[in-house]
S.K.: 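One structure is given below, represented as structure tokens, and several questions about it will come after.
Letters A, B, ... mirror the listed sequences (proteins, then strands); counts begin at 1.
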There are 2 protein chains.
Amino acid sequence: MTSPPHRSSELANADGTVRCRALFIRSAGRVGSVSDPEFGHRTETLQQPSPEAARDAIARGIDRGAIVTVYGRCTVDYDGRATSYLEAGDRHVMLKPDGAALVHTAEGQQPVNWQPPGCDHDVFCEDGHIVIESLRTSPDEQLRVRFQNVLQVSAFAGSDETELALVGTEADLRRRILEEPDLLETGFMPLATERETPAGAVDIYGEDSTGRAVVVELKRRRVGPDAVSQLRRYVDALERDMHADATVRGILVAPSVTDRANRLLSDHGLEFISLEPPDE
Amino acid sequence: MTSPPHRSSELANADGTVRCRALFIRSAGRVGSVSDPEFGHRTETLQQPSPEAARDAIARGIDRGAIVTVYGRCTVDYDGRATSYLEAGDRHVMLKPDGAALVHTAEGQQPVNWQPPGCDHDVFCEDGHIVIESLRTSPDEQLRVRFQNVLQVSAFAGSDETELALVGTEADLRRRILEEPDLLETGFMPLATERETPAGAVDIYGEDSTGRAVVVELKRRRVGPDAVSQLRRYVDALERDMHADATVRGILVAPSVTDRANRLLSDHGLEFISLEPPDE
DNA sequence: CGTGCCAGGTGCCAT
DNA sequence: ATGGCACTTGGCACG
């Protein structure tokens, strides 16, 4: 016997309020609801819910724009850019209001399965079991989590207005060089950032003290052969664009390079300067 | 006033049992504990706990090898390969038994802050607020989550023996070609996989029907210029290794290539064959 | 939307 | 540990 799927979109009214389809929420376990008026956030949790209660709680959480988490024994199917199957085990599933879905096991920083933001989440009962489906198009991808057993469902509603302030990126390294070009080489003059070439955009384009064209490729950390090849593509492209006799200097700026990368640099007549992004 | 930090390692006895340092657990909110003997997993949840109760529940969950989640308003400091700060907001923090830590906001597939597996988690009260610290060395990195307010703490203990079965990877594409080399080209004969060159390991090394050396670079999806450069490095390295007059064919195998990549292929005299990893 | 590239990328496996 | 590279890479910025 299969219950009809619950589609969260069916529950949202035009004005944004939410009508709940289920007339009551039944739970075989405890129900906890906590709200903090000072901060305006709210948490609802069910333990050992019946499948119907779990379904309704999950659907309501999604509709309310909460982060919904489900913990229990489940299998996971994924089909899209690749295909995967995960046998039954205890996992932590998170559904975000932006449409992202994450399936976490007890190990690893990365989720064992996931779906990116922008997906439509669907939750329904099938043969008495909770099923969460997360779909997207272009590319067509489907994630299907089927619970044998749900121990806990939680819905977390809150607010988060702030942005992460991150320091030590490649952009910071670029700023550092643009503010003090002599760090790279005495007399270096930056002329453009992100200058377009047929091979892609050059991080910094400029001239050395003798007026020779210089291409600078920036990396925030120690680099391997790929970064050297990238720099070489830019140098080649620029030399092709200029008159035949002109030569372009290519400078890789990074904290350090690997041996192989160093050899590649010599082979291609490219240079390396050790510089790190600023600490603060 | 600062409470001494709780170090989870102090709580585990040699036999694996856990003694709890705190004499009692006090909670300003609800407490729920659910276990399912059929599956052997267990969940403990506190809502609106006092800082001390939250600290003890988090520490106990870590000691028991559970997945611990904390939801509430917090600030996040990170210092390591880069540096970041996140102003106060409502976030979901997950601590895994392998030492990973994840801080999720309501948006994005990726955590806003994190710590990889292998870290030491530390939880303590400071000025009446819960602080979670996650540390690692090489590189030295520190994550610090300071809660203004904890709405819920959960500890999920379970078992997960199974591995993800994933199909459609580059390894699958390689298998496909090795099983039916004519897919690449009539008469192609694979001689080695992961053959080492000074530039790195070649995906497939072989000979065409005329006995000419062939380097094959595999990609499971549409590729850009980087893959072409990679193939070129291998071809260059092999030609350098062989006698001067020998030439090596380089073949990129992927579902498709971008325009720029295609131009690069022509420029370097490399070839492209369209092949996808198998569906199943 | 595709193309190109950075990322505190992570994870896996090799030396 | 370091290195080289795949990854359902994800994410952003730009044409």
Side-chain angles (χ1 to χ4, degrees), chain A residues 78-84 100-103 107-118 136-143 164 166-174 194 196-203 217-227 230 233-234 256-261 277, chain B residues 78-84 100 107-118 136-143 164 166-174 194 196-203 217-227 230 233-234 256-262 277:
Chain A
Y78 157 73
D79 194 35
R81 288 166 291 176
T83 303
S84 75
L102 304 169
V103 182
E107 289 174 6
Q109 172 181 149
Q110 300 301 130
V112 63
N113 279 112
W114 68 91
Q115 203 67 289
R136 73 155 165 164
T137 52
S138 66
D140 271 356
E141 292 196 294
Q142 172 183 4
L143 181 68
L164 183 74
L166 180 64
V167 173
T169 64
E170 182 183 301
D172 294 318
L173 176 56
R174 179 174 60 224
E194 305 296 324
E196 279 299 333
T197 77
V202 169
D203 281 342
E217 174 62 29
L218 305 173
K219 294 294 171 190
R220 69 170 301 281
R221 61 167 195 172
R222 182 172 174 87
V223 297
D226 50 340
Q230 195 184 341
R233 289 201 301 272
Y234 299 150
S256 59
V257 293
T258 66
D259 280 355
R260 237 175 230 177
Chain B
Y78 156 73
D79 194 35
R81 288 166 290 175
T83 303
S84 74
E107 289 175 4
Q109 173 180 149
Q110 300 302 130
V112 64
N113 278 113
W114 68 91
Q115 205 65 290
R136 73 155 165 165
T137 53
S138 65
D140 272 356
E141 292 196 293
Q142 173 183 4
L143 182 68
L164 184 74
L166 181 65
V167 173
T169 64
E170 182 183 300
D172 294 317
L173 176 56
R174 178 174 62 225
E194 304 298 322
E196 279 299 334
T197 77
V202 169
D203 282 340
E217 175 61 29
L218 306 173
K219 295 293 173 191
R220 68 171 300 281
R221 62 170 193 171
R222 181 173 175 86
V223 296
D226 52 340
Q230 195 184 341
R233 291 201 301 272
Y234 299 150
S256 58
V257 292
T258 65
D259 280 355
R260 242 177 225 175
N262 211 353

S.K.: Could you check whether A:S138 gets within reach of a base, just the sugar-phosphate, or nothing at all, counting any heavy atom under 4.0 Å?
M.R.: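 If one applies the 4.0 Å heavy-atom cut-off, A:S138 turns out to touch nothing in the nucleic acid.
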
S.K.: Taking any heavy-atom pair under 4.0 Å as a contact, classify B:T83: base, sugar-phosphate, or nothing.
M.R.: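 No contact.
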
S.K.: Would you say A:T137's side chain and A:D140's backbone share a donor-acceptor pair under 3.5 angstrom?
M.R.: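 No, A:T137 side chain to A:D140 backbone: no donor-acceptor pair under 3.5 Å.
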
S.K.: Please find the pair of heavy atoms, one from A:A261 and one from A:P225, that lie closest to each other, and give the distance.
M.R.: CB-N, 3.9 Å

S.K.: Please encode protein proximity along nucleotides 9-15 of chain C as a string of B, S and -, counting only heavy-atom distances under 4.0 Å.
M.R.: SSS----

S.K.: Does the base of C:dG8 carry an N or O that pairs as donor and acceptor with the side chain of B:Q142 under 3.5 Å?
M.R.: no

S.K.: Determine whether a donor-acceptor pair (N or O, by modelled atom type, separation under 3.5 Å) exists between the side chain of B:E141 and the backbone of B:R81.
M.R.: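 Pair found, side chain donor or acceptor close to backbone of B:R81.
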
S.K.: Please state the P separation for the pair D:dG11 and C:dG11 - nearest whole angstrom.
M.R.: 15 Å

S.K.: In whole angstroms, how far is the P atom of C:dG8 from the CD atom of A:E170?
M.R.: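 Those two atoms, CD and P, are 11 Å apart.
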
S.K.: Answer with base, sugar-phosphate or nothing: what part of the nucleic acid does B:N113 contact at a heavy-atom distance below 4.0 Å?
M.R.: base

S.K.: Please find the earliest and latest nucleotides of DNA chain D, in the 5' to 3' direction, that have an atom within less than 4.0 Å of any heavy atom of chain B.
M.R.: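 For DNA chain D, the relevant span reads D:dC5 to D:dG11.
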
S.K.: For the pair B:E217 and B:R233, evaluate side-chain contact (heavy atoms from CB on, under 4.5 Å) and give the outcome as yes or no after the intermediate values.
M.R.: CA-CA 11 Å; B:E217 175 61 29; B:R233 291 201 301 272; over 6 Å; no

S.K.: Output, in order, the C-alpha distance, side-chain angles, deciding distance and verdict of side-chain contact (heavy atoms from CB on, under 4.5 Å) for B:T258 and B:R222.
M.R.: CA-CA 7 Å; B:T258 65; B:R222 181 173 175 86; 4.0 Å; yes

S.K.: Within the side chain of A:R260, is there an N or O that forms a donor-acceptor pair under 3.5 Å with the backbone of A:G224?
M.R.: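 No.
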
S.K.: Start at the 5' end of DNA chain C and walk down; is the nucleotide closest to B:V223 or to B:L143 reached first?
M.R.: B:V223

S.K.: Run A:L102 and B:Q109 through side-chain contact (heavy atoms from CB on, under 4.5 Å) and show every step you take.
M.R.: CA-CA 7 Å; A:L102 304 169; B:Q109 173 180 149; 3.9 Å; yes

S.K.: Report which part of the nucleic acid A:R174 touches: base, sugar-phosphate, or nothing (heavy-atom distance under 4.0 Å, all strands).
M.R.: nothing

S.K.: Which value, in whole Å, describes the distance between the C1' atoms of nucleotides C:dC6 and C:dT10?
M.R.: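 Straight-line distance between the two C1' atoms is 15 Å.
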
S.K.: CD of A:E217 versus C1' of C:dC5: gap in Å, rounded?
M.R.: 9 Å

S.K.: Do any N or O atoms from the side chain of A:R220 and from the backbone of A:D172 form a donor-acceptor pair under 3.5 angstrom?
M.R.: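 No, the answer is negative, given that no donor and acceptor are paired below the 3.5 Å cut-off.
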
S.K.: Take the protein atom CZ of B:R222 and the nucleotide atom P of C:dG2, then report the distance between them rounded to whole Å.
M.R.: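 Result: 9 Å.
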
S.K.: Just to verify, what does A:D203 make a side-chain hydrogen bond (donor to acceptor under 3.5 Å, both in side chains) with, not counting sequence neighbours?
M.R.: none

S.K.: A:A199 near the nucleic acid: base, sugar-phosphate alone, or nothing, with a heavy-atom cut-off under 4.0 Å?
M.R.: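 Counting heavy atoms under 4.0 Å across all strands, the contact made by A:A199 is with sugar-phosphate only.
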
S.K.: When the C1' atoms of C:dA7 and D:dA6 are considered, how many whole Å apart are they?
M.R.: 16 Å

S.K.: Does either side chain, that of A:Q115 or that of A:Y78, offer a donor lying less than 3.5 Å from an acceptor on the other one?
M.R.: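 Per modelled atom types, A:Q115 and A:Y78 side chains form no pair under 3.5 Å.
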
S.K.: Mapping B:G200 and A:E141 onto DNA chain D by nearest heavy atom, which one lands closer to the 5' end?
M.R.: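 Nearest nucleotide further toward 5': that of B:G200.
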
S.K.: Between A:D259 and B:G168, just flag the one whose closest nucleotide in DNA chain D comes earlier from the 5' side.
M.R.: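 Mapping each residue to its closest nucleotide by heavy atoms, the 5'-most match is A:D259.
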
